[in-house]
Amino acid sequence: MAISLSVVLLLAIVLIVLMRGGSIKAGPAIVAVLFGFFLASTGMAPAINNFLNSVADSISAINF
């Protein structure tokens, strides 16, 4: 849950920065948010969640 909340927060910040910078307008931003919302309720949601968890685990396993 903490990872998905962090990803949502990060993506929200990126979306706000893109909107304020003029790279993306409010209409396409709303469409992107709605697409993500409806994608989360499809059968692909568990596969996407597993993929993102695997990426997060891989990143956390890197030793510098």
Side-chain angles (χ1 to χ4, degrees):
M1 180 69 177
I3 292 174
S4 62
L5 183 61
S6 299
V7 171
V8 169
L9 184 61
L10 175 68
L11 292 176
I13 291 169
V14 169
L15 194 58
I16 290 169
V17 168
L18 288 174
M19 284 179 60
R20 296 194 113 222
S23 298
I24 188 170
K25 302 292 183 199
I30 292 171
V31 170
V33 169
L34 289 174
F35 174 72
F37 178 76
F38 287 115
L39 183 64
S41 65
T42 66
M44 284 185 65
I48 294 170
N49 193 16
N50 289 339
F51 171 73
L52 291 176
N53 284 335
S54 297
V55 170
D57 290 341
S58 298
I59 291 172
S60 67
I62 296 174
N63 294 324
F64 292 104

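Only this structure's heavy atoms are used, side chains among them; waters, hydrogens and symmetry mates stay out.
Taking both residues in full, the closest heavy atoms of G43 and P46 are given as O-CD, 3.3 Å, listed atom of the first, atom of the second, then distance. When all heavy atoms of M19 and K25 are compared, the closest pair comes out as CG-O, 4.4 Å.
In the hydrophobic clustering (ILVMFWY side chains linked at under 4.5 Å, chained through shared members), I62 is joined by F64.
N49 contributes no side-chain N or O that, together with a main-chain N or O of A45, makes up a donor-acceptor pair within less than 3.5 Å.
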Show every donor-acceptor pair shorter than 3.5 Å between a side-chain atom in residues 29-38 and any protein atom, with sequence neighbours excluded, or say none if there are none.
none

What verdict does the side chain to side chain contact (heavy atoms under 4.5 Å, CB included) test give for L52 and I48, after you've listed the backbone C-alpha separation in whole Å, the side-chain angles of each residue and the deciding distance to 0.1 Å? CA-CA 6 Å; L52 291 176; I48 294 170; 4.1 Å; yes
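Taking CG of D57 as the reference point, atom CG of N50 lies at 10.5 Å (rounded to 0.5 Å).
When the side chain to side chain contact (heavy atoms under 4.5 Å, CB included) test is applied to T42, the partners found at least two apart in sequence or on another chain are L39, M44. Residues passing the side chain to side chain contact (heavy atoms under 4.5 Å, CB included) test with L18, sequence neighbours excluded: V14, S23, I24.
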